[in-house]
Structures are given as C-alpha cells and as structure tokens.
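Here is the structure we will look at, set down as structure tokens.
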Amino acid sequence: MSMKRKVAILGATGAVGQRFIQLLQGHPWFQISVLAASERSAGKKYKDACPWLMETELPEEIAEMSVVNADVKSVEQAGEVDLVFSSLPGDLAGPAETHFGALYPVFSKASAHRMDKDVPLFIPEVNPDHAEMVKIQQKLRGWKGFITTDPNCSTIQLAITLKPLMQFGLKQVMVSTMQALSGAGYPGVSSLDIIDNVVPFISGEEEKMEAEALKILGKYNSAGCNVQNAIFQLSASCNRVNVKDGHLESVFIKLEQDPIIDEIEEAFANFQGEPQRLKLPSAPVNPIVVRHEKNRPQPRFDRDAGCGMSVVVGRIRKDPIMTFKYMCLGHNTIRGAAGGGILSAEFYVSKGLA
Ligand code: NAP
C-alpha cells in the first residue's frame, strides 16, 4: 500500500481513543490526521485536553495537534480523512456515526449501531463474510461510506473462543466475567467503590453479551441484508474487579457432541482466521493461545499475549453439569477495543471494501 490512509479518531481523548493513538504509531497503512472529542476538549492541544494514560510516551506530533469537535463539519475542516475510528460514548455515537457513515467508512467501538439490521457486528477471525454487508448497506442508505461495528469488549474474546467450538454443536454457554477498570473508560469507577471490592453489576453488559454473540456467530443472508442469529443459548453474569486491564471470563459450555479435552484444546490452539491468512499488520499469529498451568490465564501475566491481540485460554476441564468449562482472558482496550477496530479496518481495506 503506497499511500497511507488518513484516519480521524472520534473520542480521541478517552481510554479507547488513547489506545488507538498508541497502536496507530508507525502503522504501515494508517496515519492519524484528525483527533476529535467533546467541546470540553475542542480547541485545546491534545496534551492539554486529557491526561495521557498509556505506558508509552505521548508522541510529540500528537501532543501538539489541536482537538476538534466530533461533528462532520469540524472534522472535515481539520484535515483530510479516508476513514473514521469512533470511540464515542454509546448514547452520542448513534447520531454522530450516522452522519459520518454517510461520507466515510466508520469503524465503531460503540454499542449504538451494533444490532442494526444492515450493520456488521464484526470480528475478522470469526465472521469475515459479514463484512460484505456494508456494500448493501451503502446501496440501501445511498451512502458513500458505511458503518461497521466491533462487539462489546467482553463479547469479543468470548466469541473468538466460541467459534472453534461451533464444529462440536454449541448448545449452551454460561459465562461469568471479571472485568477490568479500563473497561469503564476514564476516570471510570470511583476508587472508593472498587478498592477492596468487587462490584457485581455493569450496566447493560449482560444484555449486550447475550444478544451480540448470537449475531456474530449467526449466518449472513445477503438477499435480506441481515444476519440470522446462531441457535444456542447464552447466559452472562458480569462483575467489575480491581484490575487495570484485561477481562477474565469463566465459561461453561454444553455441546451436542462429547469431545475429549485434547480435541477441544486442539480446536482452540489450531484456530486461525482470515487475518492470519492475509497476514494483516495487527493480526496475532495465534488468535487463541492455550496455557497449561493450573493457575492461568491471569490478567497481569497474559493480557499482552500476541501484543494484546490474542485471547488466552486455560483450565480446560470436564464439567459435571455442562460438557466442559474453561477460563479465557483478553485485553479489553486492545483486542476488545482499539486493536480490534484497527484489525477490522485492515481487513476491510485488504478486501477493497474501504
Ligand atoms: P471514555 O474514556 O469515557 O472516553 C469517552 C470519549 O468520548 C472521550 O474522548 C470524550 O471526550 C468523548 N466524548 C464525551 N462526550 C462527548 C460529546 N458530547 N461529544 C463528543 N465527544 C464526547 O470512554 P472509553 O472507555 O474510551 O469508551 C469509548 C467507547 O468505546 C464507549 O462507547 C465504550 O462503550 C466503548 N468501548 C470501550 C471499551 C473499553 O475497554 N474501555 C471497550 C470496547 C468498547 P472528552 O475528553 O472531551 O470528554
């Protein structure tokens, strides 16, 4: 790819926006051209608009860029844009992404459009064929651009591990999450609420997990421009824990078949998708990494596997009620957010869709 595509980040000052900035440094295909956020930040230099939370240094050229309002006019005036990454809060993302989608390919981390009938809910390793839906979306809406969405951060890692299990006839999934603080954005959960504590409630999260996984693993029907949901049941219970990054999930699975643990482990470890075949710049070598230690995965040790893009699975064992159970862990702001969004964009670009 000779010319880098110019990208705008909406919500550039937030937990996910900062991760986009970090991961796009030196990206071979994409170059940041516009940073947009709320009117609280607009007009300020990026370094003055928000506290930089990443462990790597804030790049000098980003620090000096002016933040603009997250509306089409302000973004257009601020610089050339070929595609848009959106990490706006869910309630604002709805109308804003519609305006941007009419003109640009929009890769959204927000929940607003995930369940829209003609919008892909996309993980390139899991449902690459769903990307085609944007062609029909463009026709139906008369748009130059489109909207494609990534799932919720706890759903992405779960769906990646469910995909290789579909071959055994997936019937039921029960999942209990232990979700990191960065998942709530910045400043997020108050320290006095979470120190010495676990909060057994994350607003809207269980409903999102239960609905989204069925769409992601469903069948794309090009004639109707929609997705027929996968037929399995999913029940989620979500908790916020005192961990900075990395969601851990305890998963119980009922299958139609009764594979031995070695077969399940092999299915996880050998799982590969289109990003690996296409050797996309952000694709991890292994979308799923299997650990054999009794006490892994753990957020602190495993969230950076595959540069934060691999999902780490462990403790695969038989279950007395369901068929088997396992733990999985994913980095919520990398694979679960900015890294996942960038990988999606790489996929669309490589397929000539964006
Ligand atoms: P965050 O840290 O609260 O950041 C929110 C961003 O949106 C900031 O840049 C903020 O700008 C901007 N914003 C707020 N109000 C705005 C307005 N009225 N107009 C324009 N911009 C506005 O949240 P986050 O964790 O980055 O999450 C962003 C989105 O990604 C959410 O939809 C979230 O559900 C989703 N998501 C988050 C994660 C995660 O792990 N954190 C994972 C997957 C998906 P200011 O600084 O100017 O206020």
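Side chains included, hydrogens not; waters and symmetry mates left out as well; all remaining heavy atoms used. Whatever order the structure lists ligands and atoms in, that order sets their numbers, starting from 1.
- S87 O, 3.1 Å is the protein heavy atom nearest to atom 28 (C) of ligand 1.
- Side-chain atoms of T161 and F268, non-hydrogen and from C-beta on, do get closer than 4.5 Å to each other.
- Inter-residue side-chain proximity for C307 and I334 is flagged as unmet; no heavy-atom pair is nearer than 4.5 Å.
- The residues K318 and D258 are annotated as salt-bridged, a charged nitrogen and a carboxylate oxygen being separated by less than 4.0 angstrom.
- One option in N332, V67, N152, T13 has a heavy atom closer to atom 10 (C) of ligand 1 than any other, and that option is T13.
- At least one heavy atom of G90 sits closer than 4.0 Å to an atom of ligand 1.
- Nearest protein heavy-atom neighbour of atom 18 (N) of ligand 1: L92 CD1, 3.2 Å.
- Among T148, T149, I342, the one residue that satisfies the side-chain contact (heavy atoms from CB on, under 4.5 Å) test with F107 is T148.
- Considering backbone and side-chain N/O atoms, A15 comes within less than 3.5 Å of an N/O atom of ligand 1.
- Nearest protein neighbour of atom 3 (O) of ligand 1, counting heavy atoms only, is Y186 O, 3.8 Å.
- Here is the list of ligand 1 atoms found below 4.0 Å of a heavy atom in R40: 14 (C), 15 (N), 48 (O).
- What sits closest to atom 44 (C) of ligand 1 on the protein, heavy atoms only, is K109 O, 3.3 Å.
- Two residues are said to be in side-chain contact when any heavy atoms from C-beta on lie closer than 4.5 Å; C153 and K109 fail this criterion.
- Taking 4.0 Å as the cut-off between side-chain N and carboxylate O, K215 and E212 do not count as a salt-bridged pair.
- Inside a 4.0 Å radius of atom 8 (C) of ligand 1 there is at least one protein heavy atom.
- Of the protein's non-hydrogen atoms, S41 OG, 2.5 Å is the one closest to atom 47 (O) of ligand 1.
- Looking at F271 and I160, their side chains come closer than 4.5 Å, going by heavy atoms from C-beta outward.
- Checked by atom type, the side-chain pair Q179/N332 shows no donor-acceptor distance below 3.5 Å.
- Ion pairing of K6 with D82 is absent here, as no side-chain N (NZ or NE/NH1/NH2) approaches a carboxylate O to less than 4.0 Å.
- The shortest heavy-atom distance from S182 to ligand 1 is under 4.0 Å.
- Neither the backbone nor the side chain of A49 has any atom closer than 4.0 Å to an atom of ligand 1 (non-hydrogen atoms only).
- When side chains are defined from C-beta on, I321 does not count as touching F252, because their heavy atoms never get closer than 4.5 Å.
- The shortest side-chain heavy-atom distance between E97 and V84 does not fall under the 4.5 Å cut-off.
- Closest of all the heavy-atom pairs between D302 and P297 is OD2-CA, 3.0 Å.
- Distances between N or O atoms of A184 and those of ligand 1 include no value under 3.5 Å.
- The closest protein non-hydrogen atom to atom 25 (O) of ligand 1 is G185 CA, 3.0 Å.
- Not close to ligand 1: A93, with no non-hydrogen atom less than 4.0 angstrom away.
- Considering backbone and side-chain atoms together, L88 places an N or O closer than 3.5 Å to an N or O of ligand 1.
- In summary, the atoms of ligand 1 found under 4.0 Å from a heavy atom of A110, numbered by their order in the structure, are 32 (O).
- Taking all heavy atoms of T155, V16, N69 into account, the minimum distance to atom 27 (O) of ligand 1 is reached by V16.
- Residue T333 has no N or O atom closer than 3.5 Å to an N or O atom of ligand 1.
- Nearest non-hydrogen protein atom to atom 22 (C) of ligand 1 is S38 CB, 3.5 Å.
- For atom 43 (C) of ligand 1, the closest heavy atom belonging to the protein is G336 O, 3.4 Å.
- The structure places CG of D118 at 11.0 Å from CD of Q138, a figure rounded to the nearest 0.5 Å.
- Atom 34 (O) of ligand 1 is not flagged as protein-proximal [any protein heavy atom, distance under 4.0 Å].
- For atom 13 (N) of ligand 1, the nearest non-hydrogen atom from the set G188, A338, P89, G11 belongs to P89.
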